[in-house]
Amino acid sequence: MATKYIFVTGGVTSSLGKGIIAASLARLLKARGYSVTNQKLDPYINIDPGTLNPYEHGECYVTEDGAETDLDLGHYERFTGVPTSQANNVTTGRIYQNVIDKERRGDYLGSTVQVIPHITNEIKDRITALGNTGNYEFVITEIGGTVGDIESFPFVEAVRQLKYALGKNCIVVHLTYIPYLAAAGELKTKPTQHSVKALQQQGVQPDIIVCRTEKPLTRSVKEKIGLFCNMESDCVIEDGDVSSIYEVPIKMKEEKLDLQCLRKLEVPVKNEIDLTKWEAFLYKLKNPVKEVRVGLVGKYVELQDAYKSISEAFVHAGAELNTKVKVDYIHSEYLDENNIDEKLSGLSGILVAPGFGTRGIEGKILAVKYARENKIPFFGICLGMQCAVVEFARNVLGYKDAHSVEIAPSTTHPVINMMEEQKNIANMGGTMRLGAYPCRLNEGTNAYAAYGKVDISERHRHRYEFNSAYLEEYKKAGMIPSGVNPDTSLVEIVEIPDHPYFVGAQFHPEYKSTAMNPHPLFVSFVNAALNYRNNK
Ligand code: GLN
């Protein structure tokens, strides 16, 4: 079968959940036995979101091949279990950079380089490149932003051109919002009509409209939208409020989003849909028999999207253990000796989050100390692990000024040091230790018990590392390396055996946690939190 291309655009307003719809559609097609990949096109000019402050666009998600990407790729992987890569996230910045590089090389042979065709060709190449791998029957490409935005014009134009060129092998699914006016007691379709008009003005006729709504769409509302937007009312799909994003695939199945896409693309329906495992996961998620409270200590807690993969990993681990994991988001900047007891004493587990820079660092170190001394289960991720190493140096080894050289370049005890290969790098973008690296676990540790195997691979995103010059001192004083990179001997996981559960990972386990495969370290941490609560 020729690769089928499905574009997901958005209208009326942002934050309607295009990423979740794209991921849910992929899940459904996969559950029918098709091979699918999700792609995201982002209209901003950053080459990738690696240099973006999390307050801007939430977390930066990292793929196996070390691409720093939009957080929607996290949704795609969590829903489908299909790994994404650099090719799955393309920004305007990257498109322009490529075109400009080609111009400088002389590839355009003297022609005037223009948005059409040069930029649009580059965009189309990035889309069809996924189909041309031969690995996927369906490529689902989400266009970031809202239709009508200046920034997304070239992307929508590329969609128009591809739709014309690919004919029956391409459809557009447009996500809109149907507001309910309480005063009128009515659902209003006008914003949807306008957003479809905006799309049509750019030459694109949507094939299916998915309507975010707080009230059920009546048949007459669907018919009205169909009439104004040139489509059968069956192609108007209701996307109502649900208590969990993981319910969306089930809702979309009920609304036959996948079947309408297959019909429009003239693809014979291959298999009955099999969502048994998904439904079992959802059942456990919605019917927890236990509850546990953990704290996430970080400096971006005002914006929970900044820790998206971590909060989702807790959802997956909770479902696995029939447990509702309640996460308290605790601002590290405002954590001090005077309020720490009040803020952390009610928790059964403390996670210290990844991060960069000085702000809130002492609060994180204090949270580690609190967890270590009070024997509360502790899980440190990346910067959180580095804080655990610093805290141990200061309060157990007695090196009062110990620090990471990221924060204190002239510390006399640089227990977290800059990696050798990082020392001569000047550019900030895409230059960290990124992507999947192998790690070998030591038997008899919490990490080994969690994974149940020796050789693992996890994704990284950092510039600094455990300073191995101090390793022997740490081991003697009771903090051990439970996972080490087999090629470079870098310490990747530290633990304190004389503690109910104290694990710090230099990598980011959260990126690999999916609905169908909860991450072992999150499961073991939540389990430790449950034990702590039971023994209290
Ligand atoms: N800032 C630290 C480093 O670069 C940790 C990074 C992180 O937590 N992702 O090593």
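One-based numbering, in listed order, for ligands and for the atoms of each. The analysis underlying the following values was restricted to heavy atoms, covering all of them including side chains, and did not include hydrogens, waters or symmetry mates.
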field: Electrostatic pair Glu122-Lys102, nearest N-O below 4.0 angstrom
entry: yes
query: Taking the inter-plane angle between the rings of His413 and Tyr470 on a 0 to 90° scale, is it parallel (under 30°), tilted (30 to 60°) or perpendicular (over 60°)?
result: perpendicular
message: One pair to check against side-chain contact (heavy atoms from CB on, under 4.5 Å): Asp70 and Tyr61. What are the steps and the verdict?
response: CA-CA 6 Å; Asp70 185 75; Tyr61 186 76; over 6 Å; no
- prompt: Will you find, in the side chains of Glu473 and Tyr399, an N or O donor that is under 3.5 Å from an N or O acceptor?
  reply: yes
query: Should Lys324 and Glu291 count as an ion pair when the cut-off is N to O under 4.0 Å?
result: no
Ligand 1: which protein N/O atoms lie under 3.5 Å from its N/O atoms?
unit_1   : atom_1 : unit_2 : atom_2 : d
ligand 1 : 1 (N)  : Gly355 : O      : 2.9
ligand 1 : 1 (N)  : Glu406 : OE1    : 2.7
ligand 1 : 1 (N)  : Glu406 : OE2    : 3.1
ligand 1 : 4 (O)  : Arg463 : N      : 3.0
ligand 1 : 8 (O)  : Gly355 : N      : 2.9
ligand 1 : 8 (O)  : Gly355 : O      : 3.3
ligand 1 : 8 (O)  : Leu383 : N      : 3.0
ligand 1 : 9 (N)  : Arg461 : O      : 2.9
ligand 1 : 9 (N)  : His508 : NE2    : 3.2
ligand 1 : 10 (O) : Gln386 : NE2    : 3.1
ligand 1 : 10 (O) : Arg463 : N      : 3.1
ligand 1 : 10 (O) : Tyr464 : N      : 2.9

task: Report yes if the distance between the aromatic ring centroids of Phe507 and Tyr437 is under 6.0 Å, otherwise no.
output: no
